[in-house]
Undergrad: 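Would you mind keeping the following structure in view while I ask a few things?
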Amino acid sequence: MEKSFVSQIADIDGDFAQWYTDVVVKTKLVDYGPVKGTMVIRPYGYAIWENIQSEFNKRFQENGYENAYFPLLIPMSFMTKEAEHVEGFAPEVAVVTHAGGEKLAEPLCIRPTSETIIGTMYGKWIESWRDLPLRMNQWANVMRWEKTTRPFLRTSEFLWQEGHSVFASAEEAEEETLRMLAVYEEFAKTCLAMPVLTGKKTEKEKFAGAVATYGMEAMMHDGKSLQSGTSHYLGQNFSKAFDIKFTDKDGAQKYGYTMSFGVSTRLIGAIIMTHGDNRGLVLPPVVAPVQVVIVPIASKKAGVLEACRELEEKLKKAGVRVKVDDSDNSPGWKFNEWEMKGVPIRIELGPRDIEAGKMTVSRRDGYEKTELPLGDAENAVASLLQEISENLYEKAKKRMEERIADADTLGELLKGVDGGNFVRAGWCGERACEDKVKEFAQATSRVAAKEHTACKCVACGKKAATTLYFARAY
RNA sequence: UGAGGUGUAGCGCAGUUUGGUAGCGCGCUUGGUUAGGGACCAAGAGGUCGUGGGUUCAAGUCCCGUCACCUCAACCA
């Protein structure tokens with residue numbers, strides 16, 4: 001017999017990378033793409049992304065954003081207008097040199113991010129203070145030629161959302177940067193059941209061309225950190241490079257202040273690694289493609305399939321994403337299959353249940369089965385989905401909070417990250433000290449802590465200017 | 001680019017030391033019996049052994065070249 005999924009995967013804490021790859025491949029979320037470092041997102045994986053998109057679109061609209069689309073190809077000359085930006089992205093940009101059978105006069109970059117092309121258009125569109133603020137979002141693919149890749153976490157091509165805004169004042173743009181960061185944090189909590197740390201990044205870790213970068217970091221099962229969203233205050237760096245000028249109320253020509261923010265399909269990787277267990281995926285109900293799977297027992301017996309269909313209809317009407325697995329695999333096989341795929345609720349329906357007017361319900365965040373009356377299935381399922389979401393969040397939050405350690409010295413910091421912790425430590429503000437931490441502990445600064453509690457820099461012992469979270473990162 | 005490793009059926013692998021008919025498990029197809037935690041029986045399909053050359057009566061196996069991929073280091077949503 002083939003080894004089961006559970007026995008094939010190593011200890012979840014021991015060989016996490018292998019476990020992750022197994023989950024991604026076996027649950028048919030993706031195939032590896034024909035081009036190295038790319039992935040083919042299969043329907044089950046893409047459905048998660050679509051749910052993420054629709055939840056985000058609601059929130060973006062509430063914040064004044066409209067969706068738009070900008071071109072994939074960016075003239076090289078656009079990229080070079082902002083010095084830091086081009087320097088930061090140059091090593092990972094793919095370039096189109098030929099088209100139509102001829103060498104192009106100017107090479108075209110495949111977008112690694114769209115600040116430059118959107119900035120160019122904004123420069124043409126914006127004339128007056130009345131045009132501001134301008135807020136747009138695009139859902140797109142981008143390409144960054146990464147040396148090492150892993151599905152969802154780092155692929156050469158990935159799908160994301162990038163929001164780009166222009167304001168008349170620095171204050172408004174900075175405020176927006178933090179507001180969208182807060183939208184991310186709320187989304188992570190309510191839709192992904194994922195607790196995150198948010199805060200400002202250091203100079204070393206900030207986006208190329210930004211004045212300030214804020215990040216959202218999530219703790220994975222193995223204690224490593226995954227940057228799962230960023231929001232950048234760009235000041236006037238891009239408005240000056242792309243001539244984003246407007247005539248203000250006082251008649252003066254002024255440069256706008258811009259900001260941008262993005263999350264990617266990496267969020268799906270974050271879900272897998274935050275909630276997954278030895279049985280496979282665990283999907284938060286809000287984004288799960290299938291929220292409830294109904295498994296018929298002895299499905300050839302009279303009335304069983306009919307009862308399943310009836311329940312399916314009832315739940316569908318209540319807005320639940322539900323599926324009846326009427327394939328002719330054995331029930332045990334189906335249980336394992338759907339557990340591996342992370343479906344939050346499984347309902348078993350067999351002759352015994354139907355006779356008793358009940359259904360056997362099993363939730364993915366636990367092992368126990370309970371019997372509930374069939375008559376009130378919609379309400380039971382709705383509240384159970386909510387409960388599962390909250391439970392997943394609480395479990396992940398507890399785990400994260402238990403694994404935040406404090407360090408005063410490099411030795412303590414190393415011990416902390418070795419033990420799978422985020423380490424909170426003081427930092428004097430010098431780049432050299434950050435580099436020293438990385439060299440000593442293979443950990444990087446993630447974000448600044450909201451409260452500055454440390455006194456001394458963990459690397460040099462001088463007075464700490466900030467308190468940072470350090471972690472090993474994906 | 002520095003170091004190590006792997007290419008054999010859709011997937012995971014054995015076979016290479018010592019050259020001698022291409023194997024196993026899973027999956028797939030067909031039929032039947034089953035069904036409350038990855039069922040069982042039977043029959044079947046599927047491989048120019050990454051690739052080019054060489055040695056040999058004979059190469060998956062030995063020799064030379066070459067390509068691809070993986071892991072770690074370096075770089076990153």
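Here is how names work: the chains are called A, B, and so on, in the same order as the sequence lines, proteins then strands, and each is numbered from 1.
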Undergrad: Any donor-acceptor pair under 3.5 Å joining the side chain of Asp353(A) to the base of G36(B)?
TA: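 Check passes, donor-acceptor contact within cut-off.
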Undergrad: A cation-pi test, strictly: NZ or CZ of Arg346(A) under 6.0 Å from the centre of the six-membered ring of Phe335(A) and no more than 45 degrees from its axis. Yes or no?
TA: yes
Undergrad: At under 4.0 Å between heavy atoms, what does Gln227(A) touch on the DNA or RNA strands: base, sugar-phosphate, or nothing?
TA: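 Since only primed, P, OP1 and OP2 atoms lie under 4.0 Å of Gln227(A), the category is sugar-phosphate.
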Undergrad: Please step through salt bridge (charged side-chain N to carboxylate O under 4.0 Å, His left out) for the pair Lys369(A) and Glu348(A), ending with a clear verdict.
TA: CA-CA 10 Å; Lys369(A) 292 183 185 184; Glu348(A) 295 165 37; 3.0 Å; yes
Undergrad: Restricting to side chain to side chain donor-acceptor pair (under 3.5 Å), what partner residues turn up for Glu337(A), sequence neighbours left out?
TA: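 For Glu337(A) there are no side chain to side chain donor-acceptor pair (under 3.5 Å) partners, ignoring immediate neighbours.
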Undergrad: Over all strands shown, is Thr113(A) touching base, sugar-phosphate only, or nothing at heavy-atom distances under 4.0 angstrom?
TA: nothing
Undergrad: Between P on G37(B) and CD on Glu337(A), what's the gap in Å once rounded to a whole number?
TA: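 Those two atoms, CD and P, are 17 Å apart.
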Undergrad: Quick one: list whatever passes ring-ring contact (aromatic ring centres under 6.0 Å, His included) with Phe56(A), sequence neighbours left out.
TA: Phe60(A), Tyr184(A), Phe187(A)
Undergrad: Both Ala473(A) and Lys300(A) contact RNA chain B. Which one's nearest nucleotide lies toward the 5' end?
TA: Lys300(A)
Undergrad: Ignoring the backbone of Arg352(A), work out which of G36(B), G37(B), A77(B) is nearest its side chain.
TA: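 It is G36(B).
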Undergrad: Checking all strands, does Glu146(A) fall into the base, sugar-phosphate, or nothing category for heavy-atom contacts under 4.0 angstrom?
TA: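 Base contact.
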Undergrad: Distance between the C1' atoms of U61(B) and U21(B), in whole angstroms?
TA: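 To the nearest whole Å, 15 Å.
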Undergrad: With a non-hydrogen cut-off below 4.0 angstrom, is Leu153(A) in contact with a base, only sugar-phosphate, or nothing?
TA: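 Since a base atom lies under 4.0 Å of Leu153(A), the category is base.
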Undergrad: Could you list, one pair per line, each protein nitrogen or oxygen that sits under 3.5 Å from a nitrogen or oxygen of nucleotides 67-72 of chain B, together with the distance?
TA:
from   : atom 1 : to       : atom 2 : distance (Å)
C70(B) : OP2    : Lys36(A) : NZ     : 3.4

Undergrad: Does Lys28(A) count as lying over the ring of Tyr44(A), i.e. NZ or CZ under 6.0 Å from the six-ring centre, within 45 degrees of the axis?
TA: no
Undergrad: As a quick check of understanding, evaluate salt bridge (charged side-chain N to carboxylate O under 4.0 Å, His left out) for Arg352(A) and Glu355(A), giving each step before the final call.
TA: CA-CA 5 Å; Arg352(A) 245 159 43 203; Glu355(A) 202 178 322; over 6 Å; no
Undergrad: Name the closest nucleotide to the Lys147(A) side chain, picking from A35(B), C75(B), G37(B).
TA: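 The closest nucleotide is C75(B).
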Undergrad: Has Ser330(A) got a side-chain N or O lying under 4.0 Å from the OP1 or OP2 atom of A39(B)?
TA: yes
Undergrad: Using a cut-off of 4.0 Å on non-hydrogen atoms, how would the nucleic acid contact of Pro112(A) be classed: base, sugar-phosphate, or nothing?
TA: nothing
Undergrad: So, OP1 or OP2 of C75(B): does either fall under 4.0 Å of a side-chain N or O from Lys438(A)?
TA: yes
Undergrad: Which sits closer to the 5' end of RNA chain B, Glu348(A) or Glu92(A), going by the nucleotide each is nearest to?
TA: Glu348(A)
Undergrad: Base of G37(B), side chain of Arg346(A) - is there a donor-acceptor contact under 3.5 Å?
TA: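 Such a pair is found, so the answer is yes.
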Undergrad: Once you round it to whole Å, what is the distance between P of A77(B) and OH of Tyr214(A)?
TA: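 The answer, rounded to whole Å, is 17 Å.
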Undergrad: Report yes or no: is there a donor-acceptor pair, N or O only, under 3.5 Å between the side chain of Lys334(A) and the base of G36(B)?
TA: no
Undergrad: Thinking salt bridges, do Glu203(A) and Lys206(A) make one under a 4.0 Å N-O criterion?
TA: yes
Undergrad: Using the six-membered ring of Tyr367(A), assess whether NZ or CZ of Arg279(A) lies under 6.0 Å from its centre and within 45 degrees of the ring axis.
TA: yes
Undergrad: From CZ of Phe261(A) over to P of A77(B), roughly how many Å is that when rounded to an integer?
TA: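 Spelled out: CZ on Phe261(A) to P on A77(B) is 18 Å.
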Undergrad: Without decimals, in angstroms, what is the distance between Trp333(A) CH2 and G37(B) P?
TA: 16 Å
Undergrad: For nucleotides A39(B) and G46(B), find the distance between their P atoms and express it as a whole number of Å.
TA: 28 Å
